[in-house]
Amino acid sequence: MSKHTLHMTFSIVLSIKVSEQRLNRLQGLSWIFLFELMDSQNLTYYKTEMETRELGFQLKEKDKCIGLEILVVGCVLNMLQIRLLNDDLQRKAREELNEVPERIHEDLQALKTWIEEQPHLCANTDDQFLISFLRGCKYSLEKAKKKIDSYYSFKTKFPEFCNVTNVDSARMREIFRSGAFLYLPIPLRNNGPRICWVRLASADMYSLEEVLAVNHVLQDILMLEDDNAVINGLVMIADHKEISLSHILQTTPTYLKKWIAYNHESIPLRLKSIHFLNAPKIFDVVYNTAKPMLPLKQQDRFLNHNSLDSLSQHVPLKYLPKDYGGENGSIKEIIAEWDKKLNKYRDYFDKSTQWGIDEKLRFDETNPYNDRFGSEGSFRKLEVD
C-alpha cells in the first residue's frame, strides 16, 4: 500500500473523528482532492488540497489534525493503484505532460469505458498500464486511444516482432544475455530520461528481428515500472563498432518502417535522442534510408559520434556503463538484474496472450497497419509529439 497512492473520487459523505493515534495509523496513505475541513468548535470551513509528494496527510500549517472532525465530501469509492511520483517527476508530469492529479481517475475511466466499447479490442486495463499511455500522449485522450489501438494492432499483426510472451524461452534468454539492449540503472542526470545502451549481437547468430523482439519485451516492462522512462522518455546510445554487412543487409526498408512505426506510434515511451557511436561508413545506407520516414523533429534527434569524447558532450561519461569508463553499472550486473525482472514478469507475459485485436470485429473498418504493411506502397512520415 505504501508504494501506491490512493486516488479518491467524490461519491459519499464520511465523517471521521481524527485523533493522534488514528492519524498515525493512517500514515502511508496519500489522499488527493479538496477536503472540506470543519473546526468542530467554531464551525468554520476552509479547504486544503491533499498533495501526493510524500506519504501521509499533507495539511497546511493552520490545519491542525488533532481535535478536528474531517468531513470528506464525496470520498473513496474507487482506489486506483498508481505509484507515487517523486517531487521532480510529479512537477514534470504536471508542467510538461498536462497531468492533473485530481482528474486522473476521470481520464483513466474514460479510457476504460472506450476500451469496453471496442468489440475488436481486448486490452490490459490496469491503472498503471493505462496511465503510461496518458502520460506518453500528454493527456490527449484521443491520442492515447489511437496509441492503445496501434499497440495491440501491431502486436497482433506482427507477434514475432513485438509480442514475445514466453520469457522462459532458451533462445529469448540467450539473446537477452548477449546484452544487445540494456537499460542502465541511473537515469541521465539522475532523474532524467532512461538510458538504453545498444550493442548488436552477431547477425550470424540472431536475426535483427529476433533481437528487436527481445527489446520490445523489455520496453513492456519499462511501461509498467519505470516512471523516468514514461515521463522523461528514452535516450538511446548504440555502439556500432561491431556492426557488419550482414546487419546492414537485414535492415530493409520494410524492417525500418516496422521499427519506426512501433516505436513512434504504438508504445508510450518517447524517444528523446539516438546517439550512434563508432558507426562505420556503410551505416550511412541505413541512416539515409530511414531518414525520409521520420518527421524533421525526429531527424534532429539522431546524432553520430566517432568517439566517447563527442558523445560525452550530450551524455556525460559517468552515465555510461562501467565497461565504457562510466559509473552506471557493469554490463554483467545489468544483465543479472534484468534476468530477475524477466522472472518477476513471467505471469504478466503469460496473461498478455489474452490481449489483442480481432480485426473481424472492428466496426470502423480501419486498421492502422493494413495499408502500410499489408501491401507495398509509398512511405509516409509519422506524426510525433
Side-chain angles (χ1 to χ4, degrees), residues 97 111 114-115 118 120-126 128-165 181 183 193-194 196 198 208-226 229-234 236 253-272 274 290 293-295 297-298 301 345 348-349 352-359 362 364 366-374 377 379-385:
L97 306 183
L111 278 185
W114 173 80
I115 290 171
Q118 308 310 303
H120 67 290
L121 175 61
C122 182
N124 180 4
T125 55
D126 289 349
Q128 195 70 58
F129 175 80
L130 292 180
I131 202 171
S132 70
F133 284 88
L134 287 171
R135 287 168 173 166
C137 296
K138 298 184 178 181
Y139 276 82
S140 165
L141 281 172
E142 293 310 308
K143 288 183 179 180
K145 293 174 186 177
K146 184 178 180 180
K147 184 155 285 197
I148 291 170
D149 192 284
S150 295
Y151 175 81
Y152 284 111
S153 292
F154 213 106
K155 284 182 174 292
T156 301
K157 190 172 182 66
F158 304 110
E160 74 290 345
F161 183 67
C162 58
N163 200 24
V164 172
T165 56
F181 285 86
Y183 291 91
R194 181 66 58 191
C196 175
V198 183
L208 278 180
E209 193 153 284
E210 285 182 295
V211 174
L212 261 293
V214 172
N215 180 48
H216 295 149
V217 170
L218 308 184
Q219 287 179 327
D220 280 349
I221 293 175
L222 292 178
M223 288 164 51
L224 296 171
E225 73 170 36
D226 192 336
V230 171
I231 292 173
N232 289 322
L234 299 174
M236 185 175 289
T254 299
Y255 169 87
L256 288 171
K257 189 164 57 167
K258 284 165 63 175
W259 182 84
I260 291 170
Y262 184 71
N263 279 273
H264 293 295
E265 291 186 345
S266 300
I267 60 172
L269 302 174
R270 295 172 298 138
L271 196 56
K272 308 301 287 186
I274 299 183
M293 303 179 195
L294 296 165
K297 188 174 183 179
Q298 282 295 314
R301 295 175 182 176
Y345 281 93
Y348 174 83
F349 286 104
S352 72
T353 58
Q354 66 186 274
W355 301 319
I357 295 283
D358 185 344
E359 291 298 341
R362 186 189 289 272
D364 61 5
T366 59
N367 182 313
Y369 298 113
N370 275 345
D371 291 340
R372 276 183 286 167
F373 299 108
F379 299 130
R380 69 174 178 84
K381 288 187 177 181
L382 306 175
E383 297 297 326
V384 180
D385 289 335

Is there a donor-acceptor pair under 3.5 Å between the side chain of Y152 and the backbone N or O of N124? yes
Looking at Y348, Y345, Y151, which hits side chain to side chain donor-acceptor pair (under 3.5 Å) with D220? Y151
NZ of K155 to CD of E160, rounded to nearest 0.5 Å, is 11.5 Å
I357 and S153 have their tightest heavy-atom pair at CG1-N, 3.5 Å
Looking at every heavy atom in both A144 and L134, which two are closest together, and how far apart are they? CB-CD2, 4.3 Å
To the nearest 0.5 Å, what is the distance between CZ (F181) and CE (M236)? 5.5 Å
Can you name the closest pair of heavy atoms from F133 and S266 and give their distance? CE2-O, 3.7 Å
Could you check whether any side-chain heavy atom of K145 comes within less than 4.5 Å of a side-chain heavy atom of Q118, counting everything from C-beta outward? no
For D126, give me all partners under salt bridge (Lys or Arg N to Asp or Glu O under 4.0 Å), at least two apart in sequence or on another chain. none
What one should report as the nearest heavy-atom pair of L234 and A229 is CD2-CB, 3.9 Å
N215 and V211: CA distance, side-chain angles, deciding distance, side-chain contact (heavy atoms from CB on, under 4.5 Å) verdict: CA-CA 7 Å; N215 180 48; V211 174; over 6 Å; no
Give a yes or no answer on whether the side chain of S132 reaches the backbone of F129 with a donor-acceptor pair at less than 3.5 Å. yes
If you define the side chain from C-beta out and look only at heavy atoms, does anything of L111 sit under 4.5 Å from I148? yes
Out of curiosity, I274 CD1 to N263 CG, how far, rounded to the nearest 0.5 Å? 8.0 Å
Roughly how far, to the nearest 0.5 Å, is CD of Q219 from SG of C196? 7.5 Å
Centroid separation F158 to W259 less than 6.0 Å: no
Flag side-chain contact, heavy atom, 4.5 Å: R301 against L271: no
What's the spacing between L294 CG and I260 CD1 if we round to 0.5 Å? 4.5 Å
Can you tell me how far the CH2 atom of W355 sits from the OG1 atom of T165, to the nearest 0.5 Å? 11.5 Å
Please determine whether side-chain contact (heavy atoms from CB on, under 4.5 Å) holds for the pair R270 and K138, giving the CA-CA distance in whole Å, both sets of side-chain angles, and the decisive distance to 0.1 Å. CA-CA 11 Å; R270 295 172 298 138; K138 298 184 178 181; 3.8 Å; yes
Taking R194 for its side chain and Y183 for its backbone only, find out whether a donor-acceptor pair lies under 3.5 Å. no
When you look at K143 and K146, which way does the side-chain contact (heavy atoms from CB on, under 4.5 Å) test go after all the steps? CA-CA 5 Å; K143 288 183 179 180; K146 184 178 180 180; 5.6 Å; no
Hey, does the side chain of H216 reach the backbone of F161 with a donor-acceptor pair shorter than 3.5 angstrom? yes
Given 3.5 Å as the limit, does a donor-acceptor pair link the side chain of R362 with the main chain of L121, or not? no
If I compare all heavy atoms of S150 with all of E265, which pair ends up nearest, and what's the gap? CB-O, 3.7 Å
Over all atoms of both residues, closest heavy-atom pair of Q128 and L224: CG-O, 3.4 Å
Can you find a pair of side-chain heavy atoms, one from Y255 and one from L212, that are under 4.5 Å apart? yes
Before you tell me yes or no, could you show the steps for D149 and H120 under side-chain contact (heavy atoms from CB on, under 4.5 Å), namely the whole-Å CA-CA distance, both residues' side-chain angles and the distance that decides it to 0.1 Å? CA-CA 10 Å; D149 192 284; H120 67 290; 2.8 Å; yes
Identify, with sequence neighbours excluded, every residue that meets salt bridge (Lys or Arg N to Asp or Glu O under 4.0 Å) alongside E225. K341, K344
